[in-house]
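Residue numbers start from 1 in every chain, and the chains themselves are labelled A, B, ... in the order their sequence lines are given, proteins ahead of strands.
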Amino acid sequence: MAHTVAEIAAALGTTWEGDGDLAITRASEPATAGPDALALAMKPDYADGLAQGRARAAVLWPGADWRALGLEAAILAPRPRMALAGITRLMDPWHPMAPGVHPSAVIDPSATLAEDVSVGPFVVIGAHASIGAGSRIQAHASIGDGATLGPDCLIREGARVCHHVRLGARVILHPGAVIGSDGFSYVTPETSGVEEIRRSLGQRSVTPPQHWERIHSLGSVTLGDDVEVGANSTIDRGTIRDTTVGAGTRIDNLVMLGHNVQVGRDCLLCSQVGIAGSTRVGDRVVLAGQVGVNDNIFIGDDVIAAGATKIYSNAPAGRVLMGAPAMKMEAHLEAYKALRRLPRLLRRLEAADAARQKPVSNPADSD
Amino acid sequence: MAHTVAEIAAALGTTWEGDGDLAITRASEPATAGPDALALAMKPDYADGLAQGRARAAVLWPGADWRALGLEAAILAPRPRMALAGITRLMDPWHPMAPGVHPSAVIDPSATLAEDVSVGPFVVIGAHASIGAGSRIQAHASIGDGATLGPDCLIREGARVCHHVRLGARVILHPGAVIGSDGFSYVTPETSGVEEIRRSLGQRSVTPPQHWERIHSLGSVTLGDDVEVGANSTIDRGTIRDTTVGAGTRIDNLVMLGHNVQVGRDCLLCSQVGIAGSTRVGDRVVLAGQVGVNDNIFIGDDVIAAGATKIYSNAPAGRVLMGAPAMKMEAHLEAYKALRRLPRLLRRLEAADAARQKPVSNPADSD
Amino acid sequence: MAHTVAEIAAALGTTWEGDGDLAITRASEPATAGPDALALAMKPDYADGLAQGRARAAVLWPGADWRALGLEAAILAPRPRMALAGITRLMDPWHPMAPGVHPSAVIDPSATLAEDVSVGPFVVIGAHASIGAGSRIQAHASIGDGATLGPDCLIREGARVCHHVRLGARVILHPGAVIGSDGFSYVTPETSGVEEIRRSLGQRSVTPPQHWERIHSLGSVTLGDDVEVGANSTIDRGTIRDTTVGAGTRIDNLVMLGHNVQVGRDCLLCSQVGIAGSTRVGDRVVLAGQVGVNDNIFIGDDVIAAGATKIYSNAPAGRVLMGAPAMKMEAHLEAYKALRRLPRLLRRLEAADAARQKPVSNPADSD
């Protein structure tokens, strides 16, 4: 699908210069751009790339001299990644699907499909499920009994919406995501080893035989509007109430949210993050890849945790965390630098001891 | 499905007081309970919640004055989570399925299905597979050639039982679990860089070109009775013998067990745990979320590891571990506290050095 | 399928002694070997096992006295794991499939299947997809619009090849692998908290309300020849260019490669590794289980990282890394040892302080 330079600039809400009628069929890196591509060169570093490629139009940094760069047209982008969001949204065909229900799909007669729903091959939709208008369900996905999807959801290949799960509007589930698996919750008839060490901080008396009784999940999962869940991520249902994720929160691939977890609005949970059961996470929290969060704690609004941070206790609003165990970012950087200097310090103290202890014996200094 | 208060108490093996005939249709948190709900208020903290909700019956802590809390009936629970296990088991419809084989399922004629097996839409069952009595296989799951399932297994949507895998009785596989994927095992024709640094502890001489020859997996996977495997978890088959998991062990979502791993009985492996190839894990071991276990080591019975512990070497029976690398819990807590104090110590030593070196020159103290 | 001892030795390119015509139907550990098994006893440690089992033939270490071990034939293996690769390859039936297309498969008329392609039940192949000769696609897998597979690929149960993804020759995707899910890339209209702390190293002024605009993925994924991707692993598509994995690289289960990542040739990425967006990884890199790699960095050729290493910054070619944050292996081991000694050091310094400050006041030593 072709767009003119002027149309693209209008869609981005920004300005253009030169030949606004130039037709663009794709976006490209500057060095590999063909004559029909819009080169993405939002920083002066990319000027060399433009010279290597054959783009006639580019998205450039404000103040760039597009004529001197050999271009016929330019779109000027004051915030490069916002421009990237607009351009990629415009050019992404965004998972086109044939309208209607594929004849191979198995849909319970009691399920309700609103207008303009697309259902792909081998989809299964359970009893009393309800699918909002314009939603699209791709091949091999399954929608459990009593599940409800808001309008314009996109359920990708093989994603699982388990029984009674509730999705808001425009929710996106990527391939293999599982929403509403059972919680991982067990109890031993007698006091377990884990209970004992939580009380004693590590001391153990006896380790009796134990077997695990299953606590079933009577709750479900509720995802707010515009929530996105990445490929092969899993969100467990709650024990009594629902596990919940607030509107606008984006979840990457291979993330795990345990039973009863409550995540606020507009969070980013990057790949391989795990949040253990019953923990509450505020709004606008950003957890980078591989962050782990303990069970039954509270993470305040606007907390940011660097990659692989392991959070064992409550974090107040606005805190920036790093490390395992998590510390405030400044404290972690300082401790880490100190740790790197520690071996030298120990060698120096040993040398000083040796020097002191050789000539005279000083009992006050002995260890 | 409704139960009376007396029936629920009997199922829990505990006592009730007040109106034992009161009909209960669901369990609820105290504050949001309607008049047909059993409020779960096993600790005095929940008394306020009861006042906000409209429950007529509740599960309470021993000695609670249920009349003063405005209730008409009470079940008394000495061990709250055991009561939760009993109540949730009683009230969970537990994945009802239509009996028989869905017409869309593809079942090899040589497969054997015992009585009362349920098979959902689009299920595939391979040659010579054997499905035990009462087992249920949900939509999109696949059972490989020669696989055997014991009685009363539950295979959830899209789970994969690969060829020749053996499941005991009552095994539960959650959506997307993969049992019996190939092991990740390779060898280079010449000595590889990894072999070299294992020998030299980090020193490298040359880094020759290397390519990886695949070691195929001739073994399979055996899961004991009552094993449960979480959503999107993966268990690789063994190289020669089977990878094994003992009876009663529960495995959470996104867990990885490598080839040849042997896990004992009644373990809990929480979400995102990874156990590398050929490691043996004893009985009743509890690994919290994101724990990593090295290959070819041994974890003794009753070991407990806190979240995100990384275990690089053998752990004796009963050991409680924390940290990365794992230490005994007490040692880890002490080291962590010391690390937090280290920057201040370094500043102090620097200040002392400066004070000492300024006025006089003392060669014995020089670094 | 039976092989003679002589045939197996020939396939391994090694020598045999004794009765080369002995028929072998399986490989086995020494202690459990039956008379038709080839016992794998490549180290003298296994001699006792041979005595317990009933093997008549074994693979032995060079120089072993097979007659004294009670055997009738022996294959001598100078490099045991190379022998294991050869034997397991020879004996693995390697996922046999019926030829042709299963009648339940849904294949777009515009898709192209070369000769000798096998397609299992419930497979979906999209418009203009192209499947190379000899490729096999197992049950429930899906191949997106415009995707291309080279010859002799093996796509296991439920694996997802998303639209326009390109696979080379002999690529193996294990069950549930997702190739070509959308990248996880967002931007806020205003400066976000994450941008602020990257600039300020942790200091925050304000935390404005923020919502995330989606950056769509116009690129795809390209996997080179002989790439293998483990069960439930996910590889996201690029934003503009493709995410790429070089020929011969092997990826284990539950691994995540972010958008725009470029991985070189002949790497090993073990289970639960995560590589964040736009990072480049060289050739022959080995990342052990649970390693995390930051976004937008560079990992040089032949880097090796131990299990659970967290890499936040560029790593030069040949570096051996351990720890979180990653250090050179020697530095990490030294720092870790020092950390274990630190609590004792602190206690000693406190004791020395107390001793010094009690009896006399020495201003030169004060803090």
Side-chain angles (χ1 to χ4, degrees), chain A residues 104 106 122 124 140 142 144 158 160 162-163 176 178 181-182 184 186-187 189 193-194 197 201-202 204 207 209-218 232 234 236 239-241 254 256 258 272 274 276 290 292 294 310 312 324-325 327 331 334-335 337-339 341-342 345 348 351-352 355-356, chain B residues 26-29 32 40 79 81-82 84-85 88-89 91-92 94 102 104 120-122 139-140 156-158 174-176 228 230-232 248 250 252-254 266 268 270-272 284 286 288-290 301-302 304 307-308 318 320 324 328-330 333 336 339-340 342-343 346 349 364-365 367:
Chain A
S104 66
V106 171
F122 309 124
V124 175
H140 303 110
S142 56
R160 311 280 158 207
C162 296
H163 59 285
V178 176
S181 34
D182 287 356
F184 191 73
Y186 299 90
V187 58
V194 173
I197 64 152
L201 293 179
R204 306 185 75 172
T207 52
Q210 61 192 11
H211 86 107
W212 302 101
E213 294 284 334
R214 195 174 197 280
I215 295 177
H216 285 243
S217 300
L218 303 180
N232 287 345
T234 67
D236 277 358
T239 306
I240 302 296
R241 63 167 191 267
L254 295 172
M256 162 63 175
Q272 298 177 324
Q290 300 189 338
N294 210 348
K310 307 301 177 186
Y312 294 90
M327 302 184 198
E334 202 184 38
K337 271 183 225 155
L339 179 61
R341 291 171 56 196
L342 182 60
L345 169 67
R348 186 191 126 184
R356 226 173 306 170
Chain B
R26 55 197 298 268
S28 177
E29 304 202 322
T32 55
L40 303 178
R79 189 158 163 78
R81 283 174 63 84
M82 272 304 286
L84 198 56
T88 58
R89 185 172 54 236
M91 296 198 173
D92 186 352
W94 193 231
H102 193 276
S104 65
F122 309 125
H140 302 112
R156 297 285 310 272
E157 298 95 330
H174 289 282
E228 186 167 354
N232 287 344
R250 314 291 184 148
D252 199 355
N253 301 352
L254 296 171
D266 294 314
L268 283 192
C270 297
S271 181
Q272 297 176 325
R284 299 173 303 280
V286 177
Q290 299 189 338
D301 292 344
D302 300 296
I304 296 178
V320 182
K328 286 175 72 166
M329 189 179 181
E330 311 89 275
L333 292 172
Y336 173 64
L339 180 60
R340 298 203 65 149
L342 181 60
L346 288 173
L349 290 171
D365 274 341
D367 189 11

**OP:** List the atom of B/Ala27, the atom of A/Leu218, and the distance in Å for their closest heavy-atom pair.
**Re:** CB-CD1, 4.0 Å
Original post:
Given that the side chain runs from C-beta out, which part of B/Arg81 has a heavy atom under 4.5 Å from chain A: side chain, backbone, both or neither?
Top reply: both
Original post:
Do B/His140 and A/Arg160 have side-chain heavy atoms sitting under 4.5 Å apart?
Top reply: yes
Subject >> Closest non-hydrogen atom pair between B/Ala308 and A/Tyr312, with its separation >> reply: CB-OH, 3.7 Å
Original post:
At a heavy-atom separation under 4.5 Å, does B/Arg26 approach chain A through its side chain, its backbone, both, or neither?
Top reply: neither
**OP:** Look up atom CG in B/Leu40 and atom CD1 in A/Ile240, then write down how far apart they are to the nearest 0.5 Å.
**Re:** 4.5 Å
Subject >> Salt-bridge contact A/Arg214-B/Glu228 (side-chain N to carboxylate O under 4.0 Å) >> reply: yes
Original post:
Among A/Leu254, A/Leu339, A/Val106, which residue forms the greatest number of heavy-atom pairs with chain B at distances under 4.5 Å?
Top reply: A/Val106
Original post:
For B/Gln290, is it the side chain, the backbone, both or neither that has a heavy atom under 4.5 Å from a heavy atom of chain A?
Top reply: side chain
Original post:
Would A/Arg241 and B/Glu29 pass as an ion pair if we require N to O under 4.0 Å?
Top reply: yes
Original post:
So, do A/Asp182 and B/Trp94 sit near enough that their side-chain heavy atoms are less than 4.5 Å apart?
Top reply: yes
Original post:
Between the side chains of A/His211 and B/Arg284, does any donor sit under 3.5 Å from an acceptor?
Top reply: no
Original post:
Is it the side chain or the backbone of B/Arg250 that comes within 4.5 Å of chain A heavy atoms, both, or neither?
Top reply: both
Subject >> Side chains of A/Arg341 and B/Leu346 in contact at under 4.5 Å (non-hydrogen atoms) >> reply: yes
Subject >> Inter-residue atom distance B/Asp252.CG - A/Thr234.OG1, 0.5 Å rounding >> reply: 7.5 Å
Original post:
Rounded to the nearest 0.5 Å, what separation is found between the CD1 atom of A/Ile215 and the CG atom of B/Leu84?
Top reply: 4.5 Å
Original post:
Between A/Trp212 and B/Gly248, is there a donor-acceptor pair closer than 3.5 Å when you use the side chain of the first and the backbone of the second?
Top reply: no
Original post:
Which pair of non-hydrogen atoms, one from A/Cys162 and one from B/Pro175, has the smallest distance, and what is that distance?
Top reply: SG-CG, 4.3 Å
**OP:** Flag the one option from B/His174, B/Met329, B/Gln272, B/Glu330 with the top tally of heavy-atom pairs under 4.5 Å to chain A.
**Re:** B/Gln272
**OP:** Kindly indicate whether the side chain of A/Phe184, heavy atoms from C-beta on, has any atom under 4.5 Å from the side chain of B/Asn253.
**Re:** no
Original post:
With only heavy atoms counted, which part of B/Ala324 is less than 4.5 Å from chain A, the side chain, the backbone, both or neither?
Top reply: neither
Original post:
Pick from A/Pro189, A/Ala335, A/Ser181: which one has the most heavy-atom pairs with chain B under 4.5 Å?
Top reply: A/Pro189
Original post:
Counting N and O atoms only, with roles assigned by atom type, does the side chain of A/Tyr186 sit under 3.5 Å from a partner on the main chain of B/Leu268, one being a donor and the other an acceptor?
Top reply: no
Subject >> Residue among B/Ala288, B/Gly158, B/Gly176 with most heavy-atom pairs under 4.5 Å to chain A >> reply: B/Gly158
**OP:** Output the option from A/Pro325, A/Gly274, A/Ser104 having the highest count of non-hydrogen pairs under 4.5 Å with chain B.
**Re:** A/Pro325
Subject >> Part of A/Asn232 within contact of chain B (heavy atom distance under 4.5 Å) >> reply: both
